[in-house]
Amino acid sequence: MLQKRGIAVSPGVVQGPALVLGLEDFRIPQQFVSVDAVDTEIARLHLALEAAGRDISENEQLAADQLGKQYGAIFAAHRQMLQDPKLVGEVEELIREKTYSPEFATCSVLRRYANIFRSLGNPYMAERAADIRDLEKRILHHLLGERREELMQLTAPVVVLAHNLTPSETARLDKKYVLGFATEIGGHTSHTAILAGALEIPAVVGVGNLVADVAGGETTIIDGTRGEVLVDPDEAALAKYRDSVKRSQSVARRLQSLRSLRAETRDGTRIQLMGNIEFPEEVEHCTGRGADGIGLYRTEFLYLEKDREPTEEDHYDAYCQVVGAFESQSVIIRTLDLGADKIPTAIGNVAPIATNPVLSLRSIRLSLQNLPLFKTQLRAILRSAVLGDVRIMFPLIATLLELRQAKMIVSDVIEDLEEAGVPFRRDVPIGMMVEVPSAAMMAEEFAREVDFFSIGTNDLIQYTLAADRSDQNVSNLYRPGDPSILRLIRRVVTAGRNHSVPVTVCGQMSSDPKFIPLLVGMGLRQLSVTPHAIPELKDVIRSITISQAEAIAAHAETLDVARDVENYLRSEIDRICPELVI
Ligand code: PEP
Ligand code: MG
């Protein structure tokens, strides 16, 4: 059994055969072959071995001619391994005895040898492991040939294991077949993680080395609640898995019963609990859990879904779908936050490659430099506002001038729509995300010029602590409980109160139950969260009083390191809602 720990980003426990997307995207299509097909499959293995042998001979000749005989010898070693009767015999035996497919049998045997070489702790032997990996790729290349399938063409349920999945790959995952996934890299609030939550696919990211040790087809458990990955689980682990499935089903049933109850503290203060969405289809995830509207609609995902630039009508249709679902509740449409890891190929040419993409031309900066793109979206938002309580929100505002410029573009679009006689609403409230430390520092000044603030802790933490939100190597620094973050939030809440500007928190921090007493205690009365978190957050809200929350916030704000803040909040939430931690 191989057991790995990573960062839990989308809850739920699933079990299924592993589909490995290796660094080279080699896919191991099936684990077993039928008993009748064993001889044919072994013949197919030998054809692949012969073809791989021919490749190696060609490379051996080429290297010897161009670089000298001693370089050719490297490939001679590969050829020897390929012709080793013991090695080939073991692969054949797995096909014959266990009816493994030749692909799976090849991976199983060669990866086992590679692991043995690697574990000897000798650099020379470790290089031999790399030779074996090379050989494996070569054989698989011939075995899989045209049968290499795409992630999109799955026909049976799998658990995906990959080095990384990009946000667009994640957005395109077929929920019917992808039960869950685990990636070697990635952080808690990377967009891949956020999308996993949106699609409600259990996921663990940042697990470290994984794909090289898994052949594909092995039974794999992904525990997206605890952040665990188990490959080839033993009986005890399988029993534990069955238990956690039962437990999470009963917790889910209890939480579902809160659906129609209000998010209200024990002493009767109403907390507006809204949903964060990326796709219009997620509206049902929100309405089904009793959300109070949409607090963050990440519209840039419209681009990730399409291979061409969306038209005004594409935007308009998507917005109408969302706004139409919330008759009397607000829908906050955030303008495009493209750039950094969210640049789709369709508009790849609008943002130059940057040395430091998160500090470069992303988000509102990109929109302000591409006015046709920005205006197209604004027209669609203003038109959809006829249908409901729509609000516009600008992302990544860093300076007052940027905000003023963006607001001016809205005025230009209003004039254009008026001139064209198109139906639209002109008094749409305009707010901004506070996700750059400069905006939090200048919150008093910004508060005079906006209708609302929404604190984007995902980016605020990244920029304040200089820790990439998608890099697990700095996840020890990337902490919502850091005192610096608490002070910035406090600053924004105070500015909002001074100027009667409502403040929301829409970063992932507000979807984590342990931060709810803190945020409510700091004065927040609106939160926008991942839809699947709504029931348990309601449970927390309904279990606290305002004075209790204020006392918790007051104590948390006296602590000077993130670890102490988070441990304290964890102990408080365990006390307030002992049943919650599943
Ligand atoms: C944030 O930064 O907190 C946020 C909500 O925006 P995104 O995660 O889309 O960057
Ligand atoms: Mg952000």
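In this chain, numbering begins with 1 at the start of the sequence shown. Quick caveat, the model's predicted, so the values are computed rather than measured. Counting starts at 1 for both ligands and their atoms, in listed order.
When the heavy atoms of Glu435, Arg362, Gln508, Arg298 are ranked by distance to atom 5 (C) of ligand 1, first place goes to Arg298. In the candidate list Met433, Arg469, Met509, Arg469 is nearest to atom 8 (O) of ligand 1, counting heavy atoms.
Of all the heavy atoms of Asp337, the ones lying under 4.0 Å from any atom of ligand 1 belong exclusively to the side chain. At a heavy-atom cutoff of 4.0 Å, ligand 1 is contacted by no atom of Ile455, backbone or side chain. Contact annotation: for Asn276 versus ligand 1, there are no heavy atoms closer than 4.0 Å.
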Practice problem: Evaluate salt bridge (Lys or Arg N to Asp or Glu O under 4.0 Å) for Arg5 paired with Glu228, printing each intermediate quantity in order. | Solution: CA-CA 5 Å; Arg5 265 205 162 273; Glu228 276 180 1; 3.0 Å; yes
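Atoms of ligand 1 found under 4.0 Å from any heavy atom of Leu296, numbered from 1 in the order shown, are 5 (C). Near Cys506, meaning under 4.0 Å from any of its heavy atoms, are these atoms of ligand 1: 5 (C). Of all atoms in ligand 1, listed by their number and element, those nearer than 4.0 Å to a heavy atom of Ile194 are 8 (O).
Taking the side-chain contact (heavy atoms from CB on, under 4.5 Å) definition, one finds that Ala325 meets it with Val283, sequence neighbours left out. For Ser470, the side-chain contact (heavy atoms from CB on, under 4.5 Å) partners two or more places apart in sequence, or in a different chain, are Ser190, Asp468.
Each of Ser528, Ser510, Ser511 was evaluated against Asn276; a single residue qualifies, Ser528, per the side-chain hydrogen bond (donor to acceptor under 3.5 Å, both in side chains) test. Of the candidates Arg491, Arg490, Arg487, Glu557 forms a salt bridge (charged side-chain N to carboxylate O under 4.0 Å, His left out) with just one, namely Arg490. Across Arg525, Lys538, Arg270, a single residue satisfies salt bridge (charged side-chain N to carboxylate O under 4.0 Å, His left out) together with Asp292, and that is Arg270.
Sorted by first then second residue, the salt bridge (Lys or Arg N to Asp or Glu O under 4.0 Å) pairs that include residues 431-456, not counting sequence neighbours, are Arg404-Glu449.
Both the sub-6.0 Å distance and the 45° axial angle are not jointly satisfied by Arg383 relative to the ring of Phe424.
Counting only distances under 2.8 Å, and ignoring water, the protein N, O or S atoms around the Mg ion (ligand 2) are Glu435 OE1, Asp459 OD2.
Looking at heavy atoms from C-beta onward, Val436 lies out of side-chain contact with Ile397 at the 4.5 angstrom threshold.
The aromatic rings of Tyr568 and His555 stand perpendicular to each other, their planes meeting at an angle above 60°, with 30° marking the opposite boundary.
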